[in-house]
There are 2 protein chains.
Amino acid sequence: MTADSANEFTKRSFLTLEQAIRNDLAEGRLAVDRRLPSERELAERYRTTRITLREALSHLEMDGLIYRENRRGWFVSDRRLVYNPLWRTDFQRMTREQNRQASTELIEAVSAVAPDDICALLEQPSGTEFWRIRRRRRVDDRLVVFVEHHLSKAVFADILEQDLTGSLTNLYREKYALEYGDVSFEINPVALTGMSATELHCSDGTFGLQIVRVNRDQTGRILDCDVEYWRHDAVSIRIDTRDSIP
Amino acid sequence: MTADSANEFTKRSFLTLEQAIRNDLAEGRLAVDRRLPSERELAERYRTTRITLREALSHLEMDGLIYRENRRGWFVSDRRLVYNPLWRTDFQRMTREQNRQASTELIEAVSAVAPDDICALLEQPSGTEFWRIRRRRRVDDRLVVFVEHHLSKAVFADILEQDLTGSLTNLYREKYALEYGDVSFEINPVALTGMSATELHCSDGTFGLQIVRVNRDQTGRILDCDVEYWRHDAVSIRIDTRDSIP
DNA sequence: TCACCTCTTTGGTATAGACCAGATGCGAGG
DNA sequence: CCTCGCATCTGGTCTATACCAAAGAGGTGA
């Protein structure tokens, strides 16, 4: 930040601090390589305390302008990824169509008893075991979503032998000759906690968007259930009934 | 409990302030007709400072357990309203089907130039005037959503003479013989600011869910555009392709 | 009855420190 | 070359206190 902009900021009210940071961000004075200076440094520059500064940063975070990675620092948010949960196009293709670059990491793939609510969604008795595949995805190198898939062990007997870092959609089609049919999903604003927070490198309690989706094949048989946890500033849900819903 | 873990217990109370409040909420010790004691009283009760206490309350707020009304206090959240933006059932009926009670307040109904992005969505040149209807809705007496409707002045010439506290869906059908056709919408997690925050009685910067919807009639003509701002803990979006999309 | 004013209570913002814990980079030792 | 451990960064949490501004209660006067 230049001496000028520091001088411009003379009033001490909270809103002006937030506005000052907003302006400096917009004009690219603050961030170097999308990364903001440390909180201590910012507090000094704006002649305020870390508590007050963090309050302002939290507001900008909620507004989707910046985000933080746990104990790593603050960063400037990129544009949102447009996402239609009714489409089962694979993630790579979806991001490519938006001129973004995506990657997927496999966290685990095991057999496990699903929680009761998931069993209910999958129309199986509580305590049923499913394949549990946990992955996380990046867009332009930023961690944006943590996904937990629950798959029928009967239908996908040998899924663990497949490459699970790619598209499950394609795997279903190519290895199991399954095409998607109906879908249902639920979107909830939630706090990211536990594993979703850890894997996304954000602190416990960060705001996120949870999307729970149940996928069926053409015969109406339930195939799997995905539970996605998105960084809230990284995604925009968009649905249009004029699009065919395959 | 072993001696080791007892030792650990005395060293660091693994029951954090947040968890303590969480327990008190769950067991009904804290909620007195859904309102929490003042921050000062809570801080005293939990032997901590207001800053720390507010941090904990913010976490619970993000998690959707409690919410605040600007300078009025903290309240315990009720269950979420299930909402399908593809359905144009009127609000009253939707809430009744979930055993909730709804009400709508008209804030203003005027002719006004719509912002550029809204004009673009409505496929009209920038600077076009529309009817602008602003309303807010309550569920079980809690303010949950602020809505801004932009309607074609040509199609709805005399809409200001109608009762605008009721269902616009019904008005379209009964007074204008219009049925809904295709819909498209966009969901974004945002910070509530300005009018949306003021009208919802929440402080500037509170986290919310924005839903922008464009409605068409059966011939594909654009009817209107709704911009909704929801309190994040009050709504759950649910969509199922097996439901008919009228 | 009702508009208006005032006083109290509430959350909202701010100061100035301090220590903790995870992330990271670097250097020493294998 | 690689690994391990330590020093030093970062944000995360905390104490203690103060004043401000809006909301709400209650009283006052037309």
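Residue numbers start from 1 in every chain, and the chains themselves are labelled A, B, ... in the order their sequence lines are given, proteins ahead of strands.
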Tell me yes or no: between the side chains of A/Ser77 and A/Asp233, is some donor less than 3.5 Å from an acceptor? yes
Measure from CZ on A/Arg54 to P on C/dG17 and round the result to the nearest Å. 19 Å
Hey, are B/Asp204 and B/Thr193 close enough side-chain-wise for a donor-acceptor pair under 3.5 Å? no
Between B/His232 and A/Phe207, is the ring centre distance below 6.0 Å? yes
Verify the contact: side-chain N or O of B/Thr49 to OP1 or OP2 of D/dC14, cut-off strictly under 4.0 Å; return yes or no. no
OP1 or OP2 of C/dG12 less than 4.0 angstrom from a side-chain nitrogen or oxygen of B/Arg68, does that happen here? yes
Please state how far atom CD1 in B/Ile51 lies from atom C1' in C/dT15, giving the value in whole angstrom units. 10 Å
Could you state the atom-to-atom distance from CG of B/Leu53 to P of C/dG12 in whole Å? 12 Å
Short side-chain N/O contact to D/dT15 OP1/OP2 from B/Thr48, under 4.0 Å: yes
To the nearest Å, how far apart are A/Ile66 CD1 and D/dG11 C1'? 13 Å
Can a side chain N or O of B/Thr52 be found less than 4.0 Å away from OP1 or OP2 on D/dT15? yes
I want to know whether A/His149 and A/Phe130 have ring centres closer than 6.0 Å. no
Any donor and acceptor pair, going by atom type alone, linking the side chain of A/Gln98 with main-chain N or O of A/Val82 inside 3.5 Å? yes
What's the CG-P distance between A/Asp204 and C/dA21, to the nearest Å? 16 Å
Does the separation of the ring centres of A/Tyr83 and A/Trp230 fall below 6.0 angstrom? yes
Per-nucleotide protein contact string for nucleotides 18-26 of chain D, where B marks a base within reach and S marks sugar-phosphate only (heavy atoms under 4.0 Å, - for neither): BB-BSSS--
No-hydrogen, no-angle side-chain donor-acceptor test under 3.5 Å, B/Asp78 and B/Tyr67: no
Can you check the A/Glu39 CD to C/dA18 C1' distance for me, whole Å? 15 Å
Can you tell me how far P of D/dG11 sits from CD of B/Glu55, to the nearest Å? 15 Å
Please report the distance, rounded to the nearest Å, between CD in B/Glu44 and C1' in C/dT10. 16 Å
